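Worksheet for the structure shown next.
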Amino acid sequence: MRRAVELAERGRATTLPNPVVGAVVLDPDGNPVGEGWHERAGGPHAEVRALQAAGERAWGATLVVTLEPCAHTGRTGPCVDAIVAAGVRRVVLAVPDPTELAGGGAERLRAAGIEVESGLLAEQAEEGNEPWLVATRLRRVFVTWKLATTLDGRAAAADGTSRWITGDAARADVHRLRAECDAIAVGVGTVLADDPWLTVRDAGGDLAERQPLRVVVDSRGRTPAGARVRDAAAATWLATAEKVGAGPTGQVDLRRLVDRLYADGRRHLFLEGGPRLAGGFVATGLVDRVVAYVAPALLGSGPSVLAEAGIASIAGIRRLEITDVTRLGPDLRVTARPARPG
Ligand SMILES: NC(=O)c1ccc[n+]([C@@H]2O[C@H](COP(=O)([O-])OP(=O)(O)OC[C@H]3O[C@@H](n4cnc5c(N)ncnc54)[C@H](OP(=O)(O)O)[C@@H]3O)[C@@H](O)[C@H]2O)c1
């Protein structure tokens with residue numbers, strides 16, 4: 001299963017809106033005879049690739065897979081049929097499939113006389129698929145908020161300039177993370193201040209092939225006609241209050257926004273600020289992961305990286321738990337998620 005989790009990783013930047021999945025076929029003596037991973041939506045599933053690689057050696061074998069095999073016909077046929085047809089004797093899976101449409105695979109395998117074991121290395125497999133699993137369960141996009149800050153928590157200087165707080169390695173890393181998402185959002189304030197492109201660049205090779213949808217959260221439609229986000233490099237959606245609906249402040253209703261993006265087939269939103277839009281997301285409890293690039297630099301004045309998050313007292317502090325700390329050139333990347341109660 002450890003190997004299957006590793007294989008799943010290979011699809012990280014290409015499978016959305018599908019999950020990452022890895023699979024290994026073991027012959028009756030426990031020797032690996034086939035491997036596979038899901039590469040892109042519409043392409044063969046991991047199990048099918050692993051079974052193809054194993055060929056006749058799949059007969060009587062054990063299939064180890066990170067996600068419950070699907071039971072439905074989507075763009076490809078049901079994996080359970082391929083598993084039964086290959087003569088597999090036992091299936092070991094890490095995480096059940098939460099979707100109504102594709103779920104129920106384990107039950108169908110059992111009905112066909114195949115031994116099924118569920119939950120092996122579930123935590124590791126869940127972690128690799130967290131955005132897809134959370135999005136599927138909540139029926140809204142998973143939100144990763146990315147920020148770049150000085151050590152004193154500033155997002156920009158007093159005159160509004162903010163390029164660049166972090167170094168080359170951190171900025172290249174942002175492009176890699178953008179490529180793992182299928183939508184990128186900023187508030188209109190960032191478009192007016194920085195005029196960003198919000199495209200995946202210098203992520204290397206085919207990572208840049210599939211550009212995420214660019215979303216500008218812009219209640220009153222203030223995005224200038226000549227803004228770079230309106231160019232032809234990627235699709236752009238101007239999320240106005242008229243199109244999405246307005247919350248109590250008259251601004252774009254962020255809950256409806258994340259639901260709408262899910263309904264549109266998106267699963268992982270990369271929120272790139274700025275401070276006020278991030279504040280709106282934090283206030284509504286819609287941030288699932290924080291990726292903070294911290295530069296060893298000081299500004300002393302200028303906007304804080306998070307504004308108006310609706311927290312008035314220390315009792316309302318939003319605690320996070322750190323899941324990773326990585327050094328990128330002179331900077332640090334801190335990844336965290338909301339602390340789980342208890
Ligand atoms: N260091 C970093 O990580 C980073 C990242 C991005 C930007 N920045 C800097 O941040 C500055 C811009 O800050 P900003 O706060 O004005 O930009 P912002 O957060 O990108 O945009 C804020 C605007 O988003 C719109 N919005 C629509 N619905 C909203 C909602 N429900 N909640 C909150 N906002 C909503 C509002 O304008 P309407 O009411 O008109 O819709 C609001 O004024 C620039 O200097 C930029 O360089 C820094």
Side-chain angles (χ1 to χ4, degrees), residues 140-141 143-167 170-171 173-175 177-178 181 183-198 214-224 227-229 236-261 269-287 289-311 328 331-336:
R140 65 157 171 85
V141 282
V143 179
T144 293
W145 170 38
K146 166 248 140 182
L147 60 102
T149 179
T150 59
L151 265 188
D152 59 328
R154 309 283 169 178
D159 66 356
T161 52
S162 65
R163 296 182 169 193
W164 297 104
I165 288 175
T166 51
R171 297 209 310 279
D173 196 63
V174 169
H175 282 273
L177 289 190
R178 276 183 183 173
C181 299
I184 301 175
V186 290
V188 64
T190 298
V191 169
L192 294 173
D194 298 343
D195 196 13
W197 271 286
L198 299 182
R214 299 180 287 194
V215 180
V216 181
V217 188
D218 178 5
S219 313
R220 290 164 285 153
R222 292 189 287 145
T223 300
R228 286 172 178 153
V229 286
T236 300
W237 188 44
L238 297 186
T240 59
E242 196 186 333
K243 284 191 217 147
V244 182
T249 58
Q251 291 180 309
V252 172
D253 183 331
L254 301 178
R255 277 184 196 284
R256 285 210 217 160
L257 176 70
V258 293
D259 291 349
R260 274 283 291 274
L261 287 168
L269 176 68
F270 199 52
L271 173 64
E272 297 216 25
R276 268 181 278 206
L277 185 61
F281 271 84
V282 169
T284 11
L286 287 173
V287 172
R289 180 183 291 166
V290 179
V291 179
Y293 295 91
V294 185
L298 303 169
L299 275 166
S301 59
S304 151
V305 80
L306 183 65
E308 294 155 43
I311 303 167
L328 295 167
D331 306 316
L332 274 190
R333 183 190 64 201
V334 180
T335 309

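Keep in mind that this is a model prediction, so the values were computed, not measured. Counting from 1, the numbers follow the sequence of the chain as shown. Counting starts at 1 for both ligands and their atoms, following the listed order.
- Counting heavy atoms from C-beta outward, Val143 and Val258 have side chains that approach closer than 4.5 Å.
- Nearest protein heavy-atom neighbour of atom 3 (O) of ligand 1: Ala148 N, 2.8 Å.
- With no hydrogens or angles considered, a side-chain donor-acceptor pair links Asp218 and Thr223 at under 3.5 Å.
- By heavy-atom distance, the residue among Gly187, Ala155, Ala278 lying nearest atom 24 (O) of ligand 1 is Gly187.
- With a heavy-atom cut-off of 4.0 Å, Glu308 does not touch ligand 1 at all.
- The shortest distance between side-chain heavy atoms of Leu192 and Arg222 falls below 4.5 Å.
- Only the side chain of Asp194 comes within 4.0 Å of ligand 1, counting heavy atoms alone; its backbone N, CA, C and O stay farther away.
- Between Asp253 and Arg255 there is no salt bridge, since none of the side-chain N atoms of the basic residue sits less than 4.0 Å from a carboxylate O of the acidic one.
- Considering only non-hydrogen protein atoms, atom 18 (P) of ligand 1 sits nearest to Gly274 N, 3.3 Å.
- Ionic pairing of Arg220 and Glu242 is not present here: no N-O contact between side-chain nitrogen and carboxylate oxygen is shorter than 4.0 angstrom.
- What sits closest to atom 31 (N) of ligand 1 on the protein, heavy atoms only, is Val252 O, 3.0 Å.
- For the pair Arg289 and Trp145, the cation-pi criterion (under 6.0 Å, within 45° of the ring axis) is not fulfilled.
- Remark: minimum distance from atom 25 (C) of ligand 1 to any protein heavy atom is reached at Val217 O, 3.6 Å.
- Residue Arg276 holds the heavy atom nearest to atom 16 (O) of ligand 1 of all those in Lys146, Arg222, Arg276.
- When the options Ala193, Ala307, Pro275 are ranked by their closest heavy atom to atom 9 (C) of ligand 1, first place goes to Pro275.
- For the residue pair Leu151 and Leu298, the shortest heavy atom distance occurs at CB-CD2, 4.0 Å.
- Listed by number with element, the atoms of ligand 1 under 4.0 angstrom from any heavy atom of Val188 are 21 (O), 24 (O), 37 (O), 40 (O).
- Counting heavy atoms under 4.0 Å from ligand 1, residue Ala156 touches it through the side chain alone.
- The heavy atom nearest to atom 36 (C) of ligand 1, out of those in Gln251, Glu272, Arg255, Arg220, is found in Gln251.
- Here the closest non-hydrogen pair linking Thr166 and Ala170 is CB-CB, 3.8 Å.
- Within the 3.5 Å criterion, the main-chain N or O of Gly280 finds a donor-acceptor partner in the side chain of Thr284.
- For ligand 1 and Ser162, the ligand atoms under 4.0 Å from any heavy atom of the residue are 47 (O).
- Considering backbone and side-chain atoms together, Ile165 places no N or O closer than 3.5 Å to any N or O of ligand 1.
- Note: no N/O pair closer than 3.5 Å links Gly280 and ligand 1 by distance alone.
- In the candidate list Pro303, Gly250, Gly189, Gly189 is nearest to atom 12 (C) of ligand 1, counting heavy atoms.
- Considering only heavy atoms from C-beta on, Thr144 comes within 4.5 Å of Val291 through its side chain.
- Contacts between Asp218 and ligand 1 below 4.0 angstrom, taking non-hydrogen atoms only, involve the backbone exclusively.
- With ligand atoms numbered from 1 in the order given, ligand 1 contributes 3 (O) to contacts under 4.0 Å with heavy atoms of Leu147.
- Proximity of Gly160 to ligand 1 is established by a heavy-atom distance of less than 4.0 Å.
- The side-chain heavy atoms of Arg140 and Leu269, taken from C-beta on, include no pair separated by under 4.5 Å.
- Only the side chain of Leu254 comes within contact range of ligand 1, with a heavy atom under 4.0 Å; no backbone atom does.
- On a distance-only criterion, Val305 and ligand 1 share no N/O pair closer than 3.5 Å.
- Nearest heavy-atom pair, Ala239 versus Val215, reported as atom, atom and distance to 0.1 Å: CB-CG1, 4.1 Å.
- Between Pro196 and Val191, the shortest heavy-atom contact is CD-CA, 3.8 Å.
- Given atom 19 (O) of ligand 1, the protein heavy atom at minimum distance is Leu277 N, 2.8 Å.
- Considering only non-hydrogen protein atoms, atom 7 (C) of ligand 1 sits nearest to Thr190 OG1, 3.2 Å.
- Scanning the protein for heavy atoms near atom 41 (O) of ligand 1, the closest one is Ser219 OG, 2.6 Å.
- Side-chain contact between Arg178 and Leu198 is present, with at least one heavy-atom pair separated by less than 4.5 Å.
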